[in-house]
J.: 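Just dropping this structure here.
Quick note: residue numbers are just sequence positions, from 1.
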Amino acid sequence: MKVFLKFFAVFFAVLAAGCCCQDDGGDVLSGVPAEERPAIQEALDKASSGDTNAQAYLGVLFYTGTIGRNNEAAFTWFKRASENGSGEADFFLYEMYDKGIHVAQNAETAYKYLRASALKGFTSARIKLAELYLNGEKTEDLDRKELLEWLGTYTAQGNEKAKELLGKFQKDASPAKKDEK
């Protein structure tokens, strides 16, 4: 019975993937160069079977237009990957809600996904949170010390945006800056 149920779960996941992964009624792979098709098909198969990384990857491919821009499919794959723990997918859901791409623009929901992405360790989300903190936005639930640790780590790894923000944090904390307040 379990095998039977698993078969139908996979069957419906593949069916759903096929429905949301069509672009203008055509095959999702129709615009993909022949040499890249096996890798995309493999990602589709893995994503349909629940592979979180493959789900996020497909979301990125649809979001960026690599295999045909399809925001509905991107959202679907990002949502699935997010539900399975992907910080990367959370970050893209943040962007979609922040900009109102395929969904109604919603700052609160966007921030929820940004925060979740940062807590899962996604670098871009952590840097964006530090930027929001410096701009005085959404500061009530952000820990300055934690943000500085994140920026320090990414600066050491050579991330230029983290280096820029870390410099702003240090400038903001300088004695001259405190005297201005």
Side-chain angles (χ1 to χ4, degrees), residues 31-33 36 39-40 43 46-47 51-181:
V32 177
E36 294 178 28
I40 303 298
K46 286 181 176 181
D51 184 303
T52 304
N53 291 329
Q55 291 168 345
Y57 175 66
L58 285 174
V60 170
L61 292 177
F62 282 113
Y63 187 71
T64 61
T66 304
I67 57 175
R69 188 163 179 95
N70 183 331
N71 291 326
E72 179 181 357
F75 183 83
T76 298
W77 286 118
F78 287 144
K79 192 78 168 145
R80 287 182 189 177
S82 172
E83 290 166 357
N84 289 323
S86 171
E88 179 182 19
D90 287 331
F91 185 77
F92 282 102
L93 288 169
Y94 149 73
E95 277 195 354
M96 294 182 89
Y97 277 101
D98 188 55
K99 297 174 183 174
I101 297 171
H102 180 68
V103 293
Q105 193 170 17
N106 184 320
E108 186 176 320
T109 301
Y111 183 75
K112 177 188 91 168
Y113 281 112
L114 179 63
R115 186 93 168 110
S117 179
L119 292 174
K120 292 174 185 172
F122 194 65
T123 302
S124 297
R126 289 177 167 188
I127 290 172
K128 183 64 180 178
L129 279 178
E131 190 172 31
L132 290 175
Y133 183 92
L134 278 169
N135 293 335
E137 304 171 47
K138 301 287 185 185
T139 59
E140 63 277 354
D141 66 342
L142 299 177
D143 181 324
R144 181 183 176 93
K145 182 180 177 189
E146 185 176 36
L147 293 172
L148 285 168
E149 287 174 11
W150 290 346
L151 292 176
T153 298
Y154 301 132
T155 296
Q157 294 171 356
N159 186 301
E160 290 300 317
K161 183 69 175 179
K163 183 178 179 180
E164 173 191 329
L165 291 172
L166 187 58
K168 288 181 181 180
F169 266 93
Q170 291 167 341
K171 184 178 178 183
D172 187 46
S174 71
K177 182 76 172 178
K178 288 179 182 176
D179 289 344
E180 293 174 12
K181 293 181 179 179

J.: Got Ile127 and Trp150 here, is their nearest side-chain heavy-atom distance under 4.5 Å?
T.: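 No, too far: nothing below the 4.5 Å cut-off.
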
J.: Nearest heavy-atom pair of Ser82 and Lys120: which atoms, and what distance?
T.: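 Nearest heavy atoms, Ser82 then Lys120: O-NZ, 3.7 Å.
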
J.: Could you tell me if Arg69 sits above the aromatic ring of Phe62, with its cationic atom closer than 6.0 Å to the ring centre and no more than 45 degrees from the axis?
T.: no

J.: Can you name the side chain to side chain contact (heavy atoms under 4.5 Å, CB included) partners of Leu132, sequence neighbours left out?
T.: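 Side chain to side chain contact (heavy atoms under 4.5 Å, CB included) check on Leu132 returns Tyr111, Leu114, Lys128, Leu129, Glu137.
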
J.: For the backbone of Ala47 and the side chain of Gln55, can you confirm whether one donor and one acceptor N or O come within less than 3.5 Å of each other?
T.: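 Looks like yes, one N/O pair under 3.5 Å.
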
J.: Mind checking whether Tyr63 and Ile101 have side chains closer than 4.5 Å, heavy atoms only?
T.: yes

J.: What are the two closest non-hydrogen atoms of Arg126 and Leu147, and how far apart are they?
T.: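 Minimum heavy-atom separation between Arg126 and Leu147: O-CD2, 4.4 Å.
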
J.: Got a second to check how far Thr64's OG1 is from Phe92's CZ, nearest 0.5 Å?
T.: 8.0 Å

J.: Counting neighbours of NZ on Lys46 that are heavy atoms of other residues, nucleotides or ligands and sit closer than 6.0 Å, is the number greater than 12?
T.: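 Not more than 12 within 6.0 Å, no.
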
J.: Among residues at least two apart in sequence or on other chains, which ones pass side chain to side chain contact (heavy atoms under 4.5 Å, CB included) with Thr153?
T.: Gln157

J.: Counting N and O atoms only, with roles assigned by atom type, does the side chain of Thr76 sit under 3.5 Å from a partner on the main chain of Glu72, one being a donor and the other an acceptor?
T.: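 Between the backbone of Glu72 and the side chain of Thr76 there is a qualifying donor-acceptor contact (under 3.5 Å).
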
J.: Are Leu151 and Phe169 close enough that some pair of their side-chain heavy atoms sits under 4.5 Å apart?
T.: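 Touching, per the 4.5 Å side-chain cut-off.
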
J.: When the ring centroid of Phe91 is compared with that of Tyr94, is the distance short of 6.0 Å?
T.: yes

J.: Sequence neighbours excluded, which residues qualify as side chain to side chain donor-acceptor pair (under 3.5 Å) partners of Asp143?
T.: none

J.: State, yes or no, whether a side-chain contact exists between Leu148 and Gln170 at a heavy-atom distance under 4.5 Å.
T.: no

J.: Of all heavy-atom pairs between Ser86 and Thr52, which one has the smallest distance, and what is that distance?
T.: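 Reported closest heavy-atom pair: CB-CG2, 3.6 Å.
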
J.: What's the spacing between Phe78 CZ and Glu95 CD if we round to 0.5 Å?
T.: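 Answer for the CZ-CD pair, Phe78 versus Glu95, is 8.5 Å.
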
J.: Between Arg144 and Tyr133, is there a donor-acceptor pair closer than 3.5 Å when you use the side chain of the first and the backbone of the second?
T.: no

J.: Got a donor-acceptor contact below 3.5 angstrom from the Gln105 side chain to the Asp98 backbone?
T.: yes

J.: What do the steps show when you test Arg115 against Leu142 for side-chain contact (heavy atoms from CB on, under 4.5 Å), and what is the final call?
T.: CA-CA 9 Å; Arg115 186 93 168 110; Leu142 299 177; 3.7 Å; yes

J.: Between Lys168 and Glu164, is there a side-chain N and carboxylate O pair less than 4.0 Å apart?
T.: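 Glu164 and Lys168: salt-bridged.
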
J.: Provide the closest heavy-atom pair for Ala118 versus Ala125 in the form atom of the first, atom of the second, distance.
T.: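 For Ala118 versus Ala125, the nearest heavy atoms are N-CB, 3.5 Å.
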
J.: Can you label the angle between the Phe75 ring and the Tyr97 ring as parallel, tilted or perpendicular, going by 30° and 60°?
T.: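 The rings of Phe75 and Tyr97 stand perpendicular, inter-plane angle above 60°.
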
